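These numbers come from a predicted model, not from an experiment. So you know, we letter chains A, B, ... as the sequences are listed, proteins then strands, and number each from 1.
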2 protein chains.
Amino acid sequence: MDGAAFKDNVFNQLSRVGKVLSSPKRLEILDLLSQGPKSVESLSAITRMSVANTSKHLQALLDSQLVVYRKDRNYVIYDLSDKSVIDLLLAIRTVADKQLEELAQLRQQIEESREPFESVTVEQFVDRYESGGITIIDVRPREEYEAGHIDGAISIPMGDLERYIDQLPQDQAIFAYCRGHYCLYAAEAVKLLKAKGLHAIRLDASLHDWNKYRQQ
Amino acid sequence: MDGAAFKDNVFNQLSRVGKVLSSPKRLEILDLLSQGPKSVESLSAITRMSVANTSKHLQALLDSQLVVYRKDRNYVIYDLSDKSVIDLLLAIRTVADKQLEELAQLRQQIEESREPFESVTVEQFVDRYESGGITIIDVRPREEYEAGHIDGAISIPMGDLERYIDQLPQDQAIFAYCRGHYCLYAAEAVKLLKAKGLHAIRLDASLHDWNKYRQQ
DNA sequence: GATCTATTCAACTTATTGGTTGAATAGTAA
DNA sequence: TTACTATTCAACCAATAAGTTGAATAGATC
């Protein structure tokens, strides 16, 4: 194989990874899996695709080895194959964030359509975290919390939040986080808690954003 | 816009970046641009595509704002729009490296088809760099060196190397680097220098790998 | 202003992909 | 074994993308 053929081959291989990232639905699947392993059935439900189609996408992801699976009873449970896939997802989000004005506009629409509420970035949050005296709630589904969460956070999935309000401290700041920047759970949680008179603040970051920041 | 539509929209935007990375030729263009700005004409020559097609790819890159351009005389010079694009390229390469066995095999073929030669990673190189007493040569085209290079490296493009051999130190280790892991220039340079009896070693990294490692 | 050249646009062909529906498979539970 | 369920496979259609060639555009130079 000569130099040119070698080069073509390398970029062909690299583009296999790129291909996987070229479909919105596949990105959504990867994003969901980055929060924890999930069955084909539940992925199909969350993404509102046919099971067959979801399976097909998962096969594509499998083909470029971005995901792995294991069988459990009669479910097939998929998961990301490697931590470097999370880094890739974060990288693509960073680029899109910076370059695509449309995304910024989307975020703004969401922000403006709701009551204004307090929101902090990872950088702003870390001091409060270190000095303690706060409550952190993880409002993602229970399984995702169990697959990994910010140290010291308690799990209150969105659906259960209303029932648990009484048990939350009235005199402490309560930080809520979810799947990250483009997930709406935490924003809704803060809105609900504020309406009930609690001091709620959104932590505008995912578990992975947090991990990445901490390891630096 | 409701939650589901918002979500679809976000992933649609993210996939625009993914789409760009789904074509081998576009990846090659991005990779070339990461070494320094280039005209449409030279990109077309290096990638061996028609100028029209190259231009079309560049339009696609422009559309998702991964590149920018400026006009110079009657050339249009393209460049990456942002440092975060480089991070994205590194991330995709890391994932592909780990996941795609085919890539590993490709590399191995190349290694084996040549004389074995010394090669060091960034991690191994840094000590030698710090303690000095070495020569570092950048064997990429001159313009790429000028767009950015490892501190202390001298520019000797591959084509000129043979002529400059006499001026290189006979008693020092000479480290050669090029565009990175999948570029063949440095390997060829080391082969040539070794054949002439010099103590040549490949630094198996790109300028960006080096920068990334140093900033940590 | 006229000419030259780099770049981009337009039209077209072929190949690939996302999605659907319905059947086949494989693993569980009774 | 039989029945059941989750998942995958197969066949198909519609939409999109990569690449080609040839024409149009716009800057620079004379």
Side-chain angles (χ1 to χ4, degrees), chain A residues 4 7-9 11-30 32-33 37-79 143, chain B residues 4 7-9 11-30 32-33 37-79 143:
Chain A
K7 205 174 60 169
D8 285 354
N9 228 317
F11 287 110
N12 268 319
Q13 294 300 327
L14 291 180
S15 78
R16 284 179 57 192
V17 175
K19 278 225 171 58
V20 150
L21 305 173
S22 69
S23 144
K25 291 295 187 185
R26 269 197 303 264
L27 279 172
E28 187 175 357
I29 290 176
L30 286 174
L32 287 166
L33 291 181
K38 295 200 169 43
S39 70
V40 177
E41 189 187 33
S42 64
L43 286 171
S44 147
I46 305 179
T47 59
R48 290 164 309 140
M49 284 191 292
S50 68
V51 180
N53 200 19
T54 306
S55 172
K56 206 161 144 184
H57 278 307
L58 286 166
Q59 293 309 307
L61 292 170
L62 211 48
D63 181 56
S64 39
Q65 294 176 261
L66 275 87
V67 301
V68 292
Y69 68 89
R70 63 165 208 278
K71 301 199 173 187
D72 181 16
R73 296 169 175 262
N74 50 1
Y75 291 93
V76 176
I77 311 290
Y78 280 84
D79 198 359
E143 313 86 69
Chain B
K7 204 175 61 171
D8 284 354
N9 228 316
F11 287 110
N12 268 320
Q13 295 300 328
L14 291 180
S15 78
R16 285 179 55 193
V17 175
K19 278 226 171 55
V20 150
L21 305 173
S22 70
S23 144
K25 291 295 186 186
R26 265 194 309 259
L27 279 172
E28 188 175 357
I29 290 176
L30 286 175
L32 288 166
L33 291 181
K38 296 201 167 44
S39 70
V40 178
E41 189 188 32
S42 63
L43 286 171
S44 147
I46 306 179
T47 59
R48 291 165 308 142
M49 284 191 293
S50 68
V51 180
N53 200 18
T54 306
S55 171
K56 206 161 145 182
H57 279 307
L58 286 167
Q59 291 310 307
L61 291 169
L62 211 49
D63 181 55
S64 38
Q65 295 177 261
L66 274 86
V67 301
V68 293
Y69 68 89
R70 64 166 208 277
K71 302 199 172 186
D72 181 15
R73 299 170 171 260
N74 51 0
Y75 290 93
V76 176
I77 311 289
Y78 281 85
D79 198 359
E143 315 86 69

_Under 4.0 Å from OP1 or OP2 of D/dA17: is there any side-chain N or O of B/His57 that close?_
no

*Report the distance from atom NZ of A/Lys19 to atom P of D/dA18, rounded to the nearest whole Å.*
9 Å

*Please check the phosphate of D/dA6 (OP1 and OP2 only) for any side-chain N or O of A/Tyr78 closer than 4.0 Å.*
no

_Nearest-0.5 Å distance, CD1 of residue A/Ile29 to CG of residue A/Leu66_ = 12.0 Å

*With sequence neighbours excluded, tell me which residues meet side chain to side chain donor-acceptor pair (under 3.5 Å) with B/Lys38.*
B/Glu144

*Look at the side-chain N and O atoms of B/Arg26 and state whether any lies under 4.0 Å from the OP1 or OP2 oxygen of D/dA17.*
no

Pairs under 3.5 Å (N/O, protein and nucleotides 20-25 of chain D):
residue	atom	partner	partner atom	Å
D/dT20	OP2	B/Ser50	OG	3.4

_Could you tell me how far apart B/Arg16 (CZ) and D/dT16 (P) are, to the nearest whole angstrom?_
15 Å

*Atom CZ of A/Phe11 and atom P of D/dA18: how far apart are they, to the nearest Å?*
16 Å

*In whole angstrom, give the distance that lies between atom CG of B/Leu62 and atom C1' of C/dT7.*
13 Å

*Could you tell me the separation between the CD1 atom of A/Ile77 and the P atom of D/dA6, rounded to a whole number of Å?*
12 Å

*Measure from CG on B/Asn12 to P on D/dA15 and round the result to the nearest Å.*
17 Å

*Using atom NZ of B/Lys25 as one end and atom C1' of D/dG19 as the other, report the distance to the nearest whole Å.*
11 Å

_Worked verdict on A/Arg48 versus B/Asp8 for salt bridge (charged side-chain N to carboxylate O under 4.0 Å, His left out)_ = CA-CA 10 Å; A/Arg48 290 164 309 140; B/Asp8 284 354; 3.2 Å; yes

*Measure from OH on A/Tyr75 to P on C/dT25 and round the result to the nearest Å.*
23 Å

Produce the list of close N/O pairs, under 3.5 Å, pairing protein atoms with atoms of nucleotides 28-30 of chain D; give distances to one decimal.
residue	atom	partner	partner atom	Å
D/dA28	OP1	B/Arg73	O	3.4
D/dT29	OP1	B/Arg73	NH1	3.4

*Go through D/dT8, D/dT7, C/dT8 for me and flag the one nearest to the A/Ser55 side chain.*
D/dT8

_List the residues meeting ring-ring contact (aromatic ring centres under 6.0 Å, His included) with A/Phe11, not counting sequence neighbours, and say none if there are none._
none

*If an axis is fit to five pairs at each end of the helix from C/dG1-D/dC30 to C/dA30-D/dT1, what is the angle between the two, to the nearest 10°?*
30°

*Using the ring pair (Phe, Tyr, Trp, His ring centres under 6.0 Å) rule, collect all pairs that involve residues 45-79 of chain A, keeping only residues at least two apart or in two chains.*
A/Tyr69-A/Tyr78

